[in-house]
Amino acid sequence: MKSILLPITILCLFSTVAFAQLPPACAGGSPATTCATACINCNFNGFVGNTTGFPSDVVPNFCGTVENAQWLGFIAGDDHAEFIVTPFNCSNGDGVQIALYEDCMGLPIACDKGEPDGGILPVALNVPLTPGHNYFLLIDGFAGDQCDFSVSVGPQSAVFEPPLGQVGSITGADKVCPGATMKYSVTEVFGASAYIWSGPPGAMIDTLPLPATVSGPGSNSVFITFGDVGGQICVQAANSCNQTPACTIPFSVAILDDSFRPVLEADTTAHLTCSGDPAALKVEVQAASGFEFLWSADSLGHIVSGANTNNLAVDKTGTYTLIVTNNQNGCTSDIQIHVGEPDTPKVADFTLKHITCYGFNDGFLQIGAMNAGLPPFLYAMDNDDFLVSPEFRYLTPGEHRLTIESADECRWDTVFIVNEPADWILDLGQDTTIHLGTEIQLVQELNLSEPDRLKNLEVTPDELTVMMCESCPYMPLNSFKYHVTVVDSNGCVAKDERIVSVTKERYVYAPNVFAPNAVNSANQVFTILGGEDVEQVNWLRIFDRWGQLIFMKEGFNPGDPTSGWNGQINGETASPGVFIWQADIQFIDGNSEKWSGSVTLVR
């Protein structure tokens, strides 16, 4: 939105209302019965009167008692004077008493209370004066005596209107914010007892709209509060008898927009501490210096220290308001901070990793962001010392207690449980011994305690990997040791090893008698029998007792009756007797051996 500046003309007009604070001037008028109603003689050239007919009144701070006082006002023209009041024709012969006031309600500048039987003895006051200021002379009959009296003053100039000096230049800020209260001054003017200040529409001194007359000490400096409109400030020097011309040296003031107000940054919510120390409220101002700070508290709050700084210490809940004023232009900004009960830290989120594998003790906890509490935070596990790090490693299984402490010693704790998986066990079984040619199953259904966890399986030696299934029997030819390692999705490992010993005792059998004509066909043929370790009979040879080869067969399976000797020699039935046999046996481990023996043929 655009800001539009409109020119405004301010007319510095004299207002009679402005002089209400100055007693009016008079020319030798009658004495007054009270100080407040006394007029000011601009040329007080002596006075003759009497104390008859004046009422009794209370006079503040008088040095005696008052019965029939009268008051004479005058303006000072010099810095000192001597007043002599001479009584005569006193009815009681006690004379008079006198006092001089500048403030009707204050202490007298000087006082002579006379004395009993004072008769015609004069009473006198020798006093300092300020030219241009008003003074009030009290004259009273001592103990109510009724006397004629005369007043003389020396020097005469001391009670004559002084020449009024000229008003100089106004000093103060020429750019201010709406609502700003700024100090404006002129040099003290000789002979002035008041100053008439005027300004832009809406401007005030205290609660008085301008123009306003300000009297008394320091009235040449005032604090003006501005409205929303800029303009000219003017000042006239005045006393009860005279005033300077209006607005001889005007001072222009422009109104700034809100962008010139102090920029404040702070958390608008705070909390008391748990330690009992005062809570610290800090407000940052986007400038280096030149600011005034003023804190206030509501009916609940209590300020401990720092009421005039940007760092406030408080010890009660409540709402605290800071007003920051730029001393150069009067621009102000305010901010409210609400202080509540201690803010216990609370965890917004944390990451818990349970133990990956049995016995690892690698549980892990990481505390994330906090949604309450005053940072920085400290962390303790299981009542141990507090640490800065929000991470805890190597947690053991079971229950743990986490404690978090904020910067103001507020604590929050919670209990959590770290889980540990069951021990993963691989059992390949006991070491075993088998005979050559016997099959063995390397993996059985219950070899692994939790089969569903299996992700990877490694076998040493590698060639056994294909045998690691429940339907994969393995027939080893030699003794061996194998290692199995299984891994689950967490990287947990289970291992086992097993030794399989393969015995190579040769299972070869040849009957020592057979009967070709026997009823039992199993004994009608002579052949070589073998166990699971025998692959084949490479050849079988049978000799008679004279060493003559009578039978030969090559490459047949052991126990095959069709490949054995049926007891015939060249188609002729052999006679009973003892025969010699020789055989070459091939075993499944790749070895072959020569075997021999005798067999008896019976009929």
Side-chain angles (χ1 to χ4, degrees), residues 7-25 40 42 73 75-77 79 102-103 129-135 161-256 292 325-332:
I8 298 176
T9 301
I10 301 297
L11 299 178
C12 299
L13 301 177
F14 171 75
S15 171
T16 56
V17 177
F19 287 97
Q21 295 175 337
L22 286 175
I40 301 300
C42 296
I75 187 170
D79 58 4
E102 183 175 9
D103 180 0
L129 302 174
T130 300
H133 285 211
N134 297 327
Y135 295 89
E161 174 189 347
L164 192 59
Q166 296 299 314
V167 177
S169 298
I170 301 173
T171 60
D174 60 354
K175 296 181 179 65
V176 300
C177 278
T181 299
M182 301 299 292
K183 182 179 181 179
Y184 293 88
S185 302
V186 293
T187 303
E188 286 189 14
V189 176
F190 180 83
S193 60
Y195 296 84
I196 306 170
W197 292 88
S198 60
M204 296 185 297
I205 296 177
D206 290 333
T207 58
L208 296 177
L210 301 186
T213 300
V214 183
S215 61
S219 54
N220 61 311
S221 293
V222 295
F223 286 91
I224 298 178
T225 300
F226 291 86
D228 296 331
V229 181
Q232 291 183 337
I233 297 174
C234 297
V235 62
Q236 295 173 262
N239 55 42
S240 289
C241 299
N242 199 2
Q243 65 185 48
T244 59
C247 211
T248 56
I249 308 178
F251 184 85
S252 296
V253 178
I255 298 296
L256 301 172
E292 288 185 359
T325 303
N326 186 323
N327 291 328
Q328 297 179 350
N329 54 29
C331 295
T332 63

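Not measured: the values here are computed from a predicted model.
Annotation: side chain of Cys234 is in contact with side chain of Ser198 (closest heavy-atom distance under 4.5 Å). Looking at heavy atoms from C-beta onward, Asp79 lies out of side-chain contact with Leu129 at the 4.5 angstrom threshold. Under the 4.5 Å side-chain criterion, counting only non-hydrogen atoms from C-beta, Ile224 is not in contact with Thr181. Counting heavy atoms from C-beta outward, Asn239 and Leu164 have side chains that approach closer than 4.5 Å. Side-chain contact between Phe251 and Ser169 is absent, with no heavy-atom pair separated by less than 4.5 Å. Using a 4.5 Å heavy-atom cutoff, the side chains of Glu292 and Asn327 are in contact. Here the side chains of Ile205 and Leu210 are in contact, with some heavy-atom distance below 4.5 Å.
Under the 3.5 Å distance criterion, the side-chain polar atoms of Thr244 are left unmatched by any main-chain donor or acceptor of Gln236. Side chain of Tyr195 to main chain of Val189: a donor-acceptor pair is present (N/O by atom type, distance under 3.5 Å, no hydrogens or angles). In this structure a side-chain-to-backbone donor-acceptor pair under 3.5 Å is missing from Asn220 to Ser185. Although no hydrogens or angles enter the test, the distance criterion places a donor-acceptor pair under 3.5 Å between the side chain of Ser219 and the main chain of Gly216.
Residue Asp228 qualifies as open at atom CG: its count of foreign heavy atoms under 6.0 Å is 12 or below.
Residues in residues 217-237 take part in these ring-ring contact (aromatic ring centres under 6.0 Å, His included) pairs, two or more places apart or across chains: Tyr184-Phe226. Among residue pairs with one or both ends in residues 174-209, those qualifying as disulfide (SG to SG under 2.5 Å) are Cys177-Cys331; sequence neighbours excluded.
The minimum heavy-atom distance between Met204 and Asp206, with the atom names listed, is CB-O, 3.7 Å. Of all the heavy atoms in Ile255 and Gly230, the pair that sits closest is CG1-N, 3.1 Å. Taking every heavy atom of both residues into account, Pro162 and Gly77 meet most closely at CB-CA, 3.9 Å. Val253 approaches Ala173 most closely through the heavy-atom pair CG2-O, 3.8 Å. Taking both residues in full, the closest heavy atoms of Lys175 and Asn329 are given as O-CB, 3.1 Å, listed atom of the first, atom of the second, then distance.
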(request) Might you work through the side chain to side chain contact (heavy atoms under 4.5 Å, CB included) test for Val176 and Leu256, ending with a clear yes or no? (result) CA-CA 6 Å; Val176 300; Leu256 301 172; 5.9 Å; no
(message) What verdict does the side chain to side chain contact (heavy atoms under 4.5 Å, CB included) test give for Val167 and Ile249, after you've listed the backbone C-alpha separation in whole Å, the side-chain angles of each residue and the deciding distance to 0.1 Å?
(response) CA-CA 8 Å; Val167 177; Ile249 308 178; over 6 Å; no
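Note that the CG atom of Asn134 and the CG atom of Leu22 stand 6.5 Å from one another [nearest 0.5 Å]. From Tyr135, atom OH reaches atom CD1 of Ile75 across 10.0 Å, with rounding to the nearest 0.5 Å. In this structure, Ser221 OG and Ile170 CD1 are separated by 11.0 Å, a value rounded to the nearest 0.5 Å. Between the CG atom of Asp174 and the CE atom of Met182 there is a distance of 10.0 Å, given to the nearest 0.5 Å.
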